[in-house]
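A short worksheet on the structure shown next.
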Amino acid sequence: MRIATFNINGIKARLPRLLEWLDETRPDIACLQEIKTSDETFPVKDIEDAGYGVIWHGQKGFNGVAILARGDQPVEVRRGLEGEPEDEQSRYLEADVKGVRVASIYLPNGNPQPGPKFDYKLRWMKRLRERAAEIWAEEVPAILAGDYNVIPRDVDIYSPKAMADDALMQPESREAYRRLLGDGWTDSILTRHPAGGVWTYWDYQAGAWPRDAGFRIDHLLLSPAAADRLVDAQVDKAFRGREKASDHAPTWVELRDI
DNA sequence: ATGTCGAGTGAAACTCGA
């Protein structure tokens with residue numbers, strides 16, 4: 001089974017790209033982020049016509065996440081994280097799909113730092129870790145997939161200096177991410193490509209794509225039962241080079257015997 | 001050094017967020 005995560009950066013503007021990606025790569029499960037649409041205007045019919053059941057958690061203009069399942073209907077477990085009832089940003093959706101627990105995550109960017117947006121990012125990471133611990137305790141094969149907006153190590157960016165002051169690679173951001181891994185979650189791309197140099201995001205600005213000036217911020221974290229079945233983890237880099245592409249590339253894992 | 005894009009508002013060209 002192949003499970004992918006893809007920050008689509010606007011599902012309405014990107015719908016042709018999304019549909020051709022589903023058609024060409026046929027992921028069994030796809031987690032989307034930055035759908036940037038209210039729940040009412042989500043293109044449910046186009047996705048169902050492509051052969052996918054889907055649930056989504058939208059918001060007008062910004063954020064928004066979704067979970068797609070090929071030939072199946074995801075069963076929603078949770079939308080949003082606990083701990084901040086006043087938080088109205090749509091960044092977390094969790095479902096049972098095809099025998100695995102899947103979360104689609106759009107972690108706050110946190111810029112500028114320091115400041116309230118960075119504080120929100122760190123609080124959100126703490127809330128995520130608490131939810132992850134609850135999932136862990138269920139001992140199910142689980143995948144926490146999405147745009148984490150964290151560059152875990154210096155080898156996960158083309159130039160550490162270029163982003164040294166950015167929220168994506170502050171020590172606090174990295175530490176919060178490392179705590180998740182310390183809890184036992186497996187960073188699947190890191191496991192398969194330990195030396196680094198694998199990017200999932202290239203900025204639209206400053207010719208980042210033609211210069212291959214990218215970094216790795218889209219992650220698929222696996223519970224032990226899922227990590228035991230890890231066969232491969234890759235980035236579909238070519239999709240970043242297409243017309244009207246998202247600034248992220250689809251990133252995926254292959255698990256055997258599920 | 002700089003280089004972009006999507007969405008909302010509101011009907012062109014700004015703002016915001018990334």
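Naming: A, B, ... by sequence-line order, numbering from 1 per chain.
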Query raised in the report: Taking the side chain of A:Tyr204 as heavy atoms from C-beta outward, which of B:dG8, B:dG17, B:dT4 is closest to it?
Result: B:dT4
Query raised in the report: Taking the side chain of A:Glu34 as its heavy atoms from C-beta onward, which of B:dA18, B:dG6, B:dG8 lies nearest to it?
Result: B:dA18
Given the [atom1] atoms of [N] and [M], what is the spacing between them in whole Å?
{"N": "B:dG10", "M": "B:dT4", "atom1": "C1'", "value": "23 Å"}
{"N": "B:dA12", "M": "B:dA7", "atom1": "C1'", "value": "16 Å"}
{"N": "B:dT9", "M": "B:dG3", "atom1": "C1'", "value": "27 Å"}
{"N": "B:dA1", "M": "B:dA13", "atom1": "P", "value": "32 Å"}
{"N": "B:dT2", "M": "B:dG6", "atom1": "P", "value": "23 Å"}

Query raised in the report: OP1, OP2 of B:dC16 versus side-chain N and O of A:Lys36: anything below 4.0 Å?
Result: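 A:Lys36 to B:dC16 OP1/OP2: no side-chain N or O under 4.0 Å.
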Query raised in the report: How is A:Tyr106 classified with respect to the nucleic acid when contacts are heavy atoms under 4.0 Å: base, sugar-phosphate, or nothing?
Result: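 Sugar-phosphate contact only - A:Tyr106 comes under 4.0 Å of backbone atoms but never of a base.
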Report task. Tell me what A:Ala13 touches on the nucleic acid: a base, only sugar-phosphate, or nothing, going by heavy atoms under 4.0 Å. Result -> sugar-phosphate
d([atom1], [X]; [atom2], [N]) in whole Å:
{"X": "A:Gln33", "N": "B:dG6", "atom1": "CD", "atom2": "C1'", "answer": "16 Å"}
{"X": "A:Asn111", "N": "B:dG17", "atom1": "CG", "atom2": "C1'", "answer": "11 Å"}
{"X": "A:Leu15", "N": "B:dG6", "atom1": "CG", "atom2": "P", "answer": "13 Å"}
{"X": "A:Arg242", "N": "B:dT4", "atom1": "CZ", "atom2": "P", "answer": "23 Å"}
{"X": "A:Gln59", "N": "B:dC16", "atom1": "CD", "atom2": "C1'", "answer": "13 Å"}
{"X": "A:Leu168", "N": "B:dG17", "atom1": "CG", "atom2": "C1'", "answer": "13 Å"}
{"X": "A:Asp203", "N": "B:dA1", "atom1": "CG", "atom2": "P", "answer": "15 Å"}
{"X": "A:Trp209", "N": "B:dA18", "atom1": "CH2", "atom2": "P", "answer": "23 Å"}

Query raised in the report: Does the cation-pi check pass for A:Arg242 over A:Phe239, that is, NZ or CZ under 6.0 Å from the six-membered ring centre and within 45° of its axis?
Result: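 Yes; both conditions hold, so A:Arg242 lies above the ring face of A:Phe239.
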Query raised in the report: Within 45° of the ring axis of A:Trp252 and under 6.0 Å from its six-membered ring centre, is that where the NZ or CZ of A:Arg2 lies?
Result: yes
Query raised in the report: When the nearest nucleotide of DNA chain B is assigned to A:Pro108 and to A:Ile11 on a heavy-atom basis, which residue is associated with the more 5' position?
Result: A:Ile11
Query raised in the report: Taking for each residue the nucleotide of DNA chain B bearing the nearest heavy atom, is the 5' side occupied by A:Arg14 or by A:Gln89?
Result: A:Arg14
Query - Short side-chain to backbone donor-acceptor contact, A:Thr200 and A:Ile217, under 3.5 Å - result: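 Between the backbone of A:Ile217 and the side chain of A:Thr200 there is a qualifying donor-acceptor contact (under 3.5 Å).
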Query raised in the report: Just one of A:Val150, A:Asp156, A:Asp154 clears the side chain to side chain contact (heavy atoms under 4.5 Å, CB included) bar with A:Met169, so which one?
Result: A:Asp154
Query raised in the report: Is the A:Phe215-A:Trp199 ring centre distance short of 6.0 angstrom?
Result: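 Judged by ring-centre distance (under 6.0 Å), A:Phe215 and A:Trp199 do not meet the cut-off.
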